[in-house]
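As a basis for the values below, the full set of heavy atoms in this structure was taken, side chains included, without hydrogen atoms, waters or symmetry mates.
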Amino acid sequence: MRMRKRNNLEPRMEACAAIWLRDAKALRGKWRTLMPEARELRLEIGCGKGKFTVETAAAEPDVLLIAVERVQEAMLLGMERALEMGLKNVYFLSLDAAQIEEYFADGEVDLLYLNFCDPWPRKKNAKRRLTYRTFLRKYQRILKRDGEIHFKTDNSPLFEWSLGEFEACGLEIRNLTRDLHKDGPVGIMTGYEEKFYELGTPINRCELINREVTMQKIQMTTPLVEMDGDEMTRVLWKSIKDELLLPYIDLKTEYYDLGLPERDRTADQVTVDAAKAIQKYGVGVKCATITPNVQRMSEYSLHEMWKSPNGTIRAILDGTVFRAPILVDGIHPVVKNWSKPITIARHAYGDVYKATELRVPEGRAELVFTGKDGCETRKTIYDFECGGVLTGQYNKDTSIASFARSCFNYALATKQDLWFSAKDTIAKIYDGTFKKIFADIFEAEYKERFEQAGITYFYTLIDDAVARVIRSEGGFIWACKNYDGDVMSDMVSTAFGSLAMMTSVLVSPDGKYEYEAAHGTVTKHYYRYLEGEKTSTNPMATIFAWTGALKKRGELDGLSDLTAFAEKLEKVCIFVIERGTMTKDLAALWEGGAPNVVTTDGFIAAIRRELENR
């Protein structure tokens, strides 16, 4: 719905605060507390200017009616009219219909109205229609058994198309008419409907009965910190939630939009808030995000070239990044003896990434340190007889210690051996400090726990580690300094096949976890998606970010059914690929015969079907 901007929108909305519900998630499952004597709870999706809403509420004062509208300028008129009429049984929500399950519990609603929704006539936009099966399944879950949907539209192609969607979802159709007002006005009309009636435009209407028994969803007790992202991965994020999570889990999340427009609007405060929420709740799951460059500054009209959200979150949590591949039969690593995942633990702080560099002429280069007491320590680096280059890098004992504890904790959590490599034979003080801090912490805090868990820790030189890794079968954690971890994680992911099959988790030394995919926002696919193309984008790493977070949440809260569901979803994803159905990127690596290459939607649908069969 396109509306002109209303004068004084904000103060007028505030004047409607008595019936405008802004923190309505807390009412999920408790809507009837607003009107305990109500005989029914009804929901209107897309109420527009609210004519049907207020007239229905006035005609049936013993019914509690909740009106949903995304466009506040339209909803405002309905709220103002409801207040003028003194109605006590109607409330308004400003949200997108896709979020409806976050606000209403399973089986909570008696009747749902869909009046004159946008037909989205172009085929590529079919999934945006409010009668598309993804939306219908949401309605079915929040409706009680034998609950009803009343649907009206003037758009005959939409009506005929919708009938097929209703049938596909198992909704019983009754009282179908393609000319509702043929013999005179029937029932309460919307504003649009009155105009169509005057023009003689036929109105299509039907009632739908929800015969499905609402499945008992897996419950959660503590929310996950959910961080939405950018571009194609944002599209994947929504599809994964709608198709693979919300139908099965009573998903509790504290939501933060880390999409670039919202980061710009909040001067990146939303990223800081999300990181602090992870500190509070312990587990977060993050969608891939854009780190802007000059091109993105122009594309998004940014106020500033904002820093990487990953870097901001990592700094606040003082965490270490662990990356590991997802293995499937039929796609084998280049290193043939690698039969188990190799997890790279990268200390993502300091070293060459925080170095200071100089281009110098002939002369003496010195390393100078000035203590807090003013005393200087000097060492000659080199007496340049010609021009050259200098670099000065650093790290901190506290950061190295945090890195060590994160690695030890993650090894215990995953029951894997831990290797740490550096080059202390050359960088005797610099790399030697890393080696000593790791050794001291292990001996004092972790040695006994490692022995009890049946796992080992050892240090070796980086060149020896590379040789050991190549000859190994995998199945361990390899901890690396910053640059080593950067290079080796790329090497390992390439050798295993695809970044789209790499998981990533940030672990803080005090046991906070943030899960995400290891890849970026898949920009090229997103541009093609905007042009209406159905892309074949691999969602595996993003699915596994969700399952990793759900498993950890289940583990921390003692929710074995939540953990079991996440494990089952991972197994189903792998099973679908191993049976030969996959996205285009994996088809090029597939060794198991002719693959069935599908779109992203087709791949997620295949996972959903297999999940339903188990």
Side-chain angles (χ1 to χ4, degrees), residues 222 224-225 275-286 310 313-324 340-350 395-422 433-459 465 474-482 484-485 488-489 503-516 518 544-545 547-559 563 566:
T222 309
L224 289 173
V225 179
K276 290 180 177 178
I278 296 173
Q279 288 180 320
K280 176 181 178 181
Y281 292 111
V283 185
V285 57
K286 179 180 171 294
N310 292 340
I313 294 168
R314 190 180 301 135
I316 291 173
L317 296 182
D318 194 19
T320 297
V321 177
F322 297 86
R323 289 185 170 179
K340 300 176 183 178
I342 296 172
T343 301
I344 298 293
R346 175 187 172 191
H347 180 220
Y349 180 82
N395 224 299
K396 304 187 301 181
D397 288 356
T398 54
S399 180
I400 299 168
S402 292
F403 173 43
R405 289 191 176 94
S406 292
C407 291
F408 292 134
N409 287 334
Y410 194 72
L412 286 167
T414 58
K415 294 181 173 55
Q416 295 183 86
D417 291 342
L418 174 65
W419 303 4
F420 175 49
S421 63
T433 297
F434 276 82
K435 177 184 177 181
K436 183 178 187 305
I437 289 175
F438 261 75
D440 289 349
I441 290 175
F442 178 72
E443 288 293 329
E445 302 175 28
Y446 291 95
K447 184 176 181 179
E448 185 176 337
R449 293 163 65 186
F450 266 53
E451 289 173 353
Q452 291 172 351
I455 58 176
T456 61
Y457 163 70
F458 80 95
Y459 169 82
F476 54 86
I477 300 166
W478 182 11
C480 298
K481 290 169 55 207
N482 205 345
D484 295 343
M488 295 307 167
S489 63
T503 64
S504 180
V505 57
L506 175 71
V507 183
S508 71
D510 60 343
K512 305 296 188 291
Y513 294 80
E514 182 233 20
Y515 295 81
E516 66 172 334
F544 273 61
T547 56
L550 291 169
K551 284 192 292 185
K552 180 54 66 175
R553 186 76 273 160
E555 174 192 323
L556 294 176
D557 294 349
L559 301 174
T563 302

Can you name the closest pair of heavy atoms from [X] and [Y] and give their distance?
| X | Y | answer |
| --- | --- | --- |
| Phe322 | Cys407 | CZ-CA, 3.7 Å |
| Thr320 | Arg346 | CG2-O, 3.4 Å |
| Arg449 | Glu445 | CD-O, 3.6 Å |
| Ala422 | Lys481 | CB-CD, 4.0 Å |
| Leu317 | Ala275 | CD2-O, 3.8 Å |
| Pro509 | Ser406 | N-OG, 3.2 Å |

| task | State whether the side chain of Asn409 and the backbone N or O of Asp510 hold a donor-acceptor pair below 3.5 Å, judged by distance alone. | result | no
| task | Check whether any side-chain N or O of Thr503 sits under 3.5 Å from a backbone N or O of Ala324 as a donor-acceptor pair, and report yes or no. | result | yes
| message | Can a side-chain donor-acceptor contact be found between Tyr349 and Asp318 if the only test is distance below 3.5 angstrom? | response |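 Distance-only check fails for Asp318 and Tyr349.
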[atom1]-[atom2] distance between [X] and [Y], expressed to the nearest 0.5 angstrom:
| X | Y | atom1 | atom2 | value |
| --- | --- | --- | --- | --- |
| Ile344 | Met488 | CD1 | CE | 8.0 Å |
| Trp419 | Ile477 | CH2 | CD1 | 12.0 Å |
| Thr222 | Tyr281 | OG1 | OH | 8.5 Å |
| Leu556 | Tyr513 | CG | OH | 7.5 Å |
| Gln279 | Ile316 | CD | CD1 | 7.0 Å |

Within-4.5 Å side-chain heavy-atom neighbours: [X] and [Y]:
| X | Y | answer |
| --- | --- | --- |
| Ser504 | Arg323 | yes |
| Phe434 | Asn395 | yes |
| Glu516 | Leu506 | no |
| Thr433 | Ile400 | yes |
| Leu559 | Arg553 | no |
| Lys286 | Ile313 | yes |
| Leu418 | Phe408 | yes |
| Glu514 | Val505 | no |

| Can Phe403 and Ile437 be said to form a side chain to side chain contact (heavy atoms under 4.5 Å, CB included), step by step? | CA-CA 10 Å; Phe403 173 43; Ile437 289 175; over 6 Å; no
| request: Using the six-membered ring wherever Trp is involved, compare the ring planes of Phe438 and Phe420 and label them parallel, tilted or perpendicular (cut-offs 30° and 60°). | output: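 Parallel: the ring planes of Phe438 and Phe420 meet at under 30°.
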| task | Could you check Phe476 against Ile455 for side chain to side chain contact (heavy atoms under 4.5 Å, CB included), going step by step and ending with a plain yes or no? | result | CA-CA 10 Å; Phe476 54 86; Ile455 58 176; over 6 Å; no
| task | May I ask you to establish whether Lys552 and Tyr515 are in a cation-pi arrangement, using a distance under 6.0 Å from NZ or CZ to the six-membered ring centre and at most 45° from the ring axis? | result |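 Not satisfied by the 6.0 Å and 45° rule.
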| field | Neighbour count above 12 (heavy atom, 6.0 Å) for Glu451 CD | value |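 For Glu451, atom CD is crowded (more than 12 foreign heavy atoms under 6.0 Å).
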| task | May I ask you to check whether Phe450 and Tyr457 place their ring centers less than 6.0 Å from one another? | result |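 When the ring centroids of Phe450 and Tyr457 are compared, they turn out to be at least 6.0 Å apart.
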| Derivation of the side chain to side chain contact (heavy atoms under 4.5 Å, CB included) call for Tyr410 and Thr343 | CA-CA 10 Å; Tyr410 194 72; Thr343 301; 4.2 Å; yes
